[in-house]
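Positions are given from 1 along the sequence.
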Amino acid sequence: MDRQEPKWIVKWLRRFCDQDLIEGIEGDLFELFELESKEYSTSKARRRYTWRALGFFRASFINKRKSITYQLTTMLGNYFKISIRTALKNKTSSLVNLLGLTLGLTACGFLAQYIYQEWSYDRHFANYDRIYRLTLDMEFGDEMTKLAISPSGFGKAVSEKAPQVEAFGMLRKFSNFQFKKGTELVKTSHVYQTEAGLQNILDYQWLSGDSQKALSEPYSIVLTQSLADKLLIDNSNPVGQIITRDNEDKYTITGIIADPPINSHIQPEAFISLSDPNVVNQMDAWRWVTYVKVTESFNANKFAQSLADISTEIFGEKGGSGRGKIIIQPEKLTDIHFISDRKFEMETNDGNRIYIQGFSILMILILTMSIINYVNLTTAQTHQRLKEVGVRKTFGAQKMQIISQFFFESGLMISLSVVFSLLIILGGQSLFQSYAGIELSIFEMLNWKAILMVVAVLLFILLFSGIYPSLKLSSIKAFQKELKTKTNRFRSILILFQLSLSCLVLIGTTVVYQQYQFMTSQQLGFNQNQIITTKMDDVAIKNYWVIHNKLMQLPEVKTVASAEHSPGETAPINNFEYNTKDGVKKVVCPHIWADQHYVEALQLNIIAGEDFEDYRGNDGKRIGVLINEAFAEESGWTPEEAVGQTLKSGTSWEDKIIGVVQDFHFVSLHHAIEPMVIRHIVGGRDLLIKSASTDYQKLMSEIDQIWQETAGTEQAEFTFLDKHFQKQYEKDQKRAELFAGFSFLIIFISLAGLFGLTTYTVQRRLKEMSIRKVHGASTIEILSLMTKEFGVLSLLAAFIAIPTAYYVFNAWLENFAYAINLQPILLTLPVLLLMMLILLTAALRSYKVVRVNPAQILRNE
């Protein structure tokens with residue numbers, strides 16, 4: 001009979017269905033249509049034909065081989081299945097790879113935050129690359145002293161004489177401003193005096209007020225948001241409010257700025273305007289810091305030459321007042337935090353590019369370890385995948401298809417690691433920030449440059465973790481049963497590199513920790529224990545002797561002293577001149593003011609002469625000065641010869657040396673002991689109370705009562721001198737702990753990789769070792785055979801790491817004024833411990849060979 005099937009549905013099938021399938025589909029449909037036409041009516045058979053044909057309109061049949069998307073999806077799905085099956089088959093290596101990459105990326109994420117915050121100091125200011133601080137190199141006698149300060153009129157003079165200067169700003173810091181809030185005194189330590197032009201240089205974020213006019217009138221003040229919250233009862237509309245200082249000076253609030261970020265070389269709490277606008281024209285008022293913003297067409301060489309000419313024009317060949325030649329030095333704003341160690345810095349610049357470089361290298365090492373682990377473990381299991389690759393090649397798989405499969409496996413592992421590391425970073429963000437002392441979160445770092453860098457790093461990891469395994473496995477021939485020895489040799493080289501880095505890092509951790517311990521445990525030359533200290537305000541200073549006498553009546557108090565600066569603070573400097581047999585000499589050195597009880601309170605050792613006499617007047621009577629050993633040595637005197645010598649400073653001050661104290665560390669061991677002069681003062685701003693008791697709770701209660709009765713203010717902020725001094729090492733401690741933590745992470749990743757490698761070695765050599773065991777090999781012999789390779793590689797790694805560590809860390813220790821000696825035990829002991837740990841890891845995993853019954857392994861042979 002004639003075919004009566006619906007022709008329109010046949011046309012649809014031929015149009016959309018895959019050409020390789022249409023012939024079979026049409027044949028099946030027609031055969032069923034013939035059978036049903038005999039059983040049912042023709043119309044019913046046509047309906048059933050149409051329904052069956054419509055059933056073929058599915059994604060799996062429609063243009064199956066013509067859809068690139070479908071082909072790609074199918075291929076990736078197949079790769080995904082293979083990757084999952086391989087991971088489940090090799091659980092140990094998969095877990096080690098995932099753990100290593102996750103921990104590596106997590107560590108890099110945290111390290112990147114720390115590095116970024118250090119690197120980004122002062123880069124939040126607009127045009128930061130055009131902002132310079134003008135500093136002075138000043139000649140005193142035979143010495144050139146580097147100063148951060150300059151005269152108040154310096155900025156204006158330079159801006160008028162240097163065509164490349166677009167704007168200037170000036171600052172002066174006051175450390176002991178106190179403002180009244182009802183009956184309470186609010187203390188500040190970072191108040192800066194400036195003029196309106198500063199905003200054109202350092203553009204802070206203004207929350208209220210006019211940035212261009214806020215500091216134009218005398219007795220105007222701009223507060224940071226945090227100080228406004230502490231100082232004002234009602235800060236809903238702060239501009240125009242009047243605040244009073246403890247000396248009754250009144251200031252009008254003309255603006256509020258956001259708190260500066262932590263990555264700024266100054267941390268102002270408030271800015272006050274110039275009380276005398278004529279200050280910007282004076283050249284005899286020092287202790288100011290000058291900033292300039294240069295033009296966009298700035299030329300560094302021309303600017304330096306211009307400043308050299310201006311130096312001579314402003315200061316002449318001689319600076320006057322005992323000063324020699326003065327040279328202006330421009331200093332980049334972004335360099336201040338890292339390299340500036342000039343006298344009279346407004347803040348302590350504790351940055352160091354060496355630490356940025358060190359943590360950057362550490363970050364690279366962690367990534368390198370993770371990649372090496374992946375490559376080692378992947379190539380180690382290649383013998384298990386020989387059959388898989390051989391079968392695929394037998395069925396026509398091309399080399400690029402196999403390469404793409406192994407790259408997909410690497411990409412999948414990296415993707416999972418990225419997801420897990422992001423979850424860990426987000427979960428531990430606040431904890432890490434609090435511990436490391438940083439404020440910038442990972443989200444604040446994200447911009448298009450950072451995103452491109454992260455993508456580039458991930459592609460780098462993908463390339464280097466996937467390229468060798470994929471090329472090695474794709475080069476396997478269809479019927480190949482063993483790998484070439486070059487694969488094992490390459491893996492041995494990677495292990496050697498990994499172990500060498502681990503040894504180097506462990507030595508570095510030991511050296512860094514020992515250096516920190518050395519700095520914090522050294523004898524300082526004075527006794528800082530059981531000394532309570534606080535800053536006194538003007539009211540307390542006026543009542544100092546009343547406070548002193550009442551405190552001395554307490555049985556828990558041994559000594560009470562006052563000074564202008566306590567140990568742990570940067571002391572001011574001055575120039576002193578003295579007569580020698582070779583003529584008049586000058587020295588520029590720190591000097592502090594202290595009373596007659598200061599030496600007793602700190603238990604300083606007077607090695608020649610005597611202490612200050614018990615003088616309580618305030619008429620400026622000259623009672624002599626004390627110097628330290630370093631000053632006597634600098635001057636060419638013995639301590640005994642120094643007593644009686646005369647020191648002069650400027651044009652009016654002159655006094656005799658009455659005693660020499662043994663050298664002591666006034667600041668941290670980052671700095672060498674310098675010559676120092678101690679001048680007498682009655683009632684300095686620092687109060688030091690030497691306790692004779694350890695019952696501090698009772699003592700502090702009694703001190704508070706005396707303070708309120710005599711000082712007339714709220715409870716003072718007391719601290720212990722040893723803790724105050726120890727604050728200088730806070731960043732060193734954090735850096736040492738971070739370095740140690742991430743270093744041990746490197747070692748952990750390395751050992752985890754060795755654990756995974758040993759697992760595969762054990763599995764591969766089970767038959768060999770079983771045969772040896774049958775032939776009488778002992779447990780020691782089997783373990784030695786299994787761990788021999790790691791032992792040899794560990795020994796080679798030690799020979800590489802020890803001399804490298806000596807060279808690297810010896811250079812690092814040169815940055816410290818006082819440093820440990822790199823003793824052989826510091827270099828060898830960490831390496832020996834690591835070697836023992838490596839061998840123990842390999843031996844524990846290899847012990848599986850000893851415990852196995854050879855019959856279970858060899859019964860099918």
Side-chain angles (χ1 to χ4, degrees), residues 152 170-196 198-199 204 206-260 266-280 285 287-288 346 534-544 546-547 562 564 618 683-687 704 706-718:
S152 59
M170 49 193 280
L171 287 175
R172 182 178 180 181
K173 183 181 178 182
F174 295 93
S175 301
N176 295 294
F177 259 52
Q178 297 185 101
F179 296 98
K180 292 183 177 180
K181 182 182 181 181
T183 59
E184 177 188 355
L185 281 179
V186 177
K187 296 183 179 181
T188 63
S189 56
H190 297 80
V191 172
Y192 289 88
Q193 190 174 33
T194 184
E195 39 77 44
L198 181 71
Q199 179 61 21
Y204 291 98
W206 285 71
L207 304 178
S208 59
D210 187 338
S211 62
Q212 299 301 320
K213 299 178 181 179
L215 294 168
S216 58
E217 296 295 327
Y219 292 96
S220 299
I221 187 168
V222 174
L223 305 176
T224 59
Q225 184 64 64
S226 59
L227 182 58
D229 293 339
K230 289 193 297 185
L231 190 59
L232 303 179
I233 298 174
D234 177 17
N235 60 359
S236 58
N237 187 22
V239 175
Q241 291 191 39
I242 306 296
I243 58 175
T244 305
R245 192 183 164 192
D246 56 347
N247 65 356
E248 302 303 327
D249 286 344
K250 297 186 182 299
Y251 292 86
T252 302
I253 300 174
T254 54
I256 303 293
I257 60 173
D259 292 339
I266 58 173
Q267 294 292 321
E269 295 175 277
F271 291 107
I272 60 174
S273 62
L274 301 177
S275 55
D276 179 9
N278 193 46
V279 170
V280 296
R287 293 184 179 265
W288 291 82
M346 292 185 294
T534 189
K535 296 286 184 183
M536 295 192 291
D537 55 31
D538 292 342
V539 177
I541 291 174
K542 291 178 182 178
N543 294 286
Y544 170 69
V546 178
I547 296 172
S562 68
E564 271 302 316
N618 56 7
R685 196 164 291 276
D686 287 5
L687 179 69
D704 289 339
I706 292 174
W707 200 264
Q708 294 180 22
E709 290 174 356
T710 55
T713 60
E714 297 292 327
Q715 179 178 341
E717 295 178 3
F718 289 94

* When rounded to the nearest 0.5 angstrom, what distance separates CD1 in Ile256 from CG in Asn237? -> 10.0 Å
* Asked: For the atom pair NZ (Lys180) and CZ (Arg245), what is the distance rounded to the nearest 0.5 Å?
  -> 11.5 Å
* Atom pair CG/CG of Leu198 and Leu215 - distance to nearest 0.5 Å -> 8.0 Å
* Asked: Is a donor on one side and an acceptor on the other found under 3.5 Å between the side chain of Lys181 and the backbone of Lys230?
  -> yes
* To do: Given side-chain hydrogen bond (donor to acceptor under 3.5 Å, both in side chains), test Gln225 with Asp229 step by step and report yes or no.
  => CA-CA 6 Å; Gln225 184 64 64; Asp229 293 339; 3.0 Å; yes
* **Those residues that, when tested against Tyr251, pass side-chain hydrogen bond (donor to acceptor under 3.5 Å, both in side chains) (two or more places apart)** => none
* To do: Give a yes or no on whether the backbone of Thr224 and the side-chain of Glu269 come within a donor-acceptor separation of less than 3.5 Å.
  => no
* Asked: So which of Leu231, Thr254, Ile253 actually passes side chain to side chain contact (heavy atoms under 4.5 Å, CB included) with Gln241?
  -> Ile253
* **Check: Tyr219 main-chain N/O paired with Ser273 side-chain donor or acceptor under 3.5 Å** => yes
* To do: Could you tell me whether the side chain of Thr710 and the main chain of Ile547 form a donor-acceptor pair under 3.5 Å?
  => no
* Asked: Is there a donor-acceptor contact under 3.5 Å from the side chain of Lys173 to the main chain of Met346?
  -> yes
* Between Pro238 and Leu232, which heavy-atom pair has the shortest distance, and what is it? -> CB-CD1, 3.6 Å
* To do: Check whether any side-chain N or O of Thr194 sits under 3.5 Å from a backbone N or O of Phe271 as a donor-acceptor pair, and report yes or no.
  => no
* Side-chain (Arg685) to main-chain (Met536) donor-acceptor, under 3.5 angstrom -> yes
* Asked: Can you tell me how far CG of Leu274 sits from CD of Gln193, rounded to the nearest 0.5 angstrom?
  -> 5.0 Å
